[in-house]
Amino acid sequence: LKKMSIIDVCVDKLVHAIKNGVVYKQYCTALEEIKAVPGLKEQVDELRKLNYQIQAEGDDINLYDAIDDIDSKMDELCRIPEVNRFLEAELTLCRQLQSIDASIHQGIQLDIPDL
């Protein structure tokens, strides 16, 4: 059995804290709600994939058409309360993780030039 480093122990504790926190629990609840409606999770995932493709392949696609497409799909899906709760919970969790990441980077003073 390999002995865990102090960093491994702290990361495990951080993951445990996140999983036991309100933000993550709300995310899990919201995720279960959209999974409970047949086909809804798949629709949300398709929207998320489209959003990612627009961001990743912006130069290779017609942005106006893609944004119109995603806007109309988003309007339709956001009329469903479970979808709104899920997307809000996901955004809150992502912001929490970004904040943790920013705190780590600031705390160790990694020398990265401003972009």
Side-chain angles (χ1 to χ4, degrees):
L1 202 63
K2 181 182 155 194
K3 183 179 177 191
M4 292 179 66
S5 73
I6 186 71
I7 292 174
D8 293 333
V9 170
C10 291
V11 168
D12 282 350
K13 286 182 179 183
L14 178 58
V15 169
H16 181 77
I18 291 168
K19 284 182 160 183
N20 285 295
V22 172
V23 170
Y24 184 73
K25 288 180 180 180
Q26 287 173 339
Y27 167 79
C28 289
T29 299
L31 178 60
E32 290 307 313
E33 285 178 356
I34 65 167
K35 284 182 174 181
V37 178
L40 190 55
K41 172 80 167 58
E42 292 76 14
Q43 290 179 51
V44 170
D45 285 348
E46 189 59 37
L47 182 67
R48 293 158 81 206
K49 286 178 195 173
L50 183 59
N51 186 36
Y52 176 78
Q53 288 172 341
I54 289 171
Q55 293 177 30
E57 303 167 14
D59 296 338
D60 299 332
I61 58 173
N62 183 330
L63 278 180
Y64 292 111
D65 290 343
I67 290 170
D68 280 348
D69 188 31
I70 200 169
D71 279 348
S72 65
K73 289 178 181 177
M74 181 67 90
D75 286 345
E76 183 182 326
L77 280 176
C78 284
R79 291 187 190 121
I80 303 168
E82 292 87 354
V83 172
N84 272 332
R85 278 193 295 277
F86 172 73
L87 293 175
E88 287 175 15
E90 181 183 54
L91 180 60
T92 302
L93 178 59
C94 287
R95 285 183 176 155
Q96 182 183 59
L97 296 175
Q98 288 171 340
S99 175
I100 291 167
D101 184 54
S103 295
I104 290 169
H105 279 93
Q106 290 170 0
I108 61 171
Q109 299 173 345
L110 191 58
D111 185 12
I112 299 176
D114 292 333
L115 300 176

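A distance of 11.0 Å separates CD1 of Ile34 from CZ of Arg85, quoted to the nearest 0.5 Å. In this structure, the separation between CD on Glu90 and CZ on Arg48 is 4.0 Å, given to the nearest 0.5 Å. Of the inter-residue distances, the one linking Glu46 atom CD with Ile70 atom CD1 reads 10.0 Å to the nearest 0.5 angstrom. Atom CG of Asp45 is separated from atom CG of Leu50 by 12.5 Å, given to the nearest 0.5 angstrom. Here the CD atom belonging to Glu32 is positioned 13.0 Å from the CD atom belonging to Glu82, to the nearest 0.5 angstrom. Ile108 contributes atom CD1, which lies 11.5 Å from atom OG of Ser103 (distance to the nearest 0.5 angstrom).
Residues Leu31 and Val37 fall within the same hydrophobic cluster, defined by Ile, Leu, Val, Met, Phe, Trp and Tyr side chains chained together at heavy-atom separations under 4.5 Å. Hydrophobic clustering of Ile, Leu, Val, Met, Phe, Trp and Tyr side chains at less than 4.5 Å, counting indirect connections, keeps Val11 apart from Val9. No chain of hydrophobic side-chain contacts below 4.5 Å, direct or via other Ile, Leu, Val, Met, Phe, Trp or Tyr residues, connects Leu91 to Leu97.
Put simply, the side chain of Cys10 does not reach to within 4.5 Å of the side chain of Leu14, judged on heavy atoms. In this structure, the side chains of Gln26 and Thr92 stay at 4.5 Å or more apart for every pair of heavy atoms. Proximity of Asp101 to His105: side-chain heavy atoms (C-beta onward) are separated by under 4.5 Å at one or more points. Taking the side chain as every heavy atom from C-beta outward, Ile18 and Ile100 approach each other to under 4.5 Å.
Across all non-hydrogen atoms, the minimal contact from Leu87 to Cys78 is CD1-SG, 4.2 Å. Of all non-hydrogen atoms in Leu77 and Val83, the two that sit nearest each other are O-CB, 3.4 Å.
Using modelled atom types and a 3.5 Å distance limit, the side chains of Asp12 and His16 yield no donor-acceptor pair. No side-chain donor from either of Asp75 and Ser72 sits under 3.5 Å from a side-chain acceptor of the other.
Counted within 6.0 Å of CD1 on Ile7, heavy atoms from surrounding residues, nucleotides or ligands total 12 or fewer; the atom is thus considered open.
Side-chain atoms of Ser99 never come within 3.5 Å of backbone atoms of Arg95 as a donor-acceptor pair (strictly under, hydrogens ignored).
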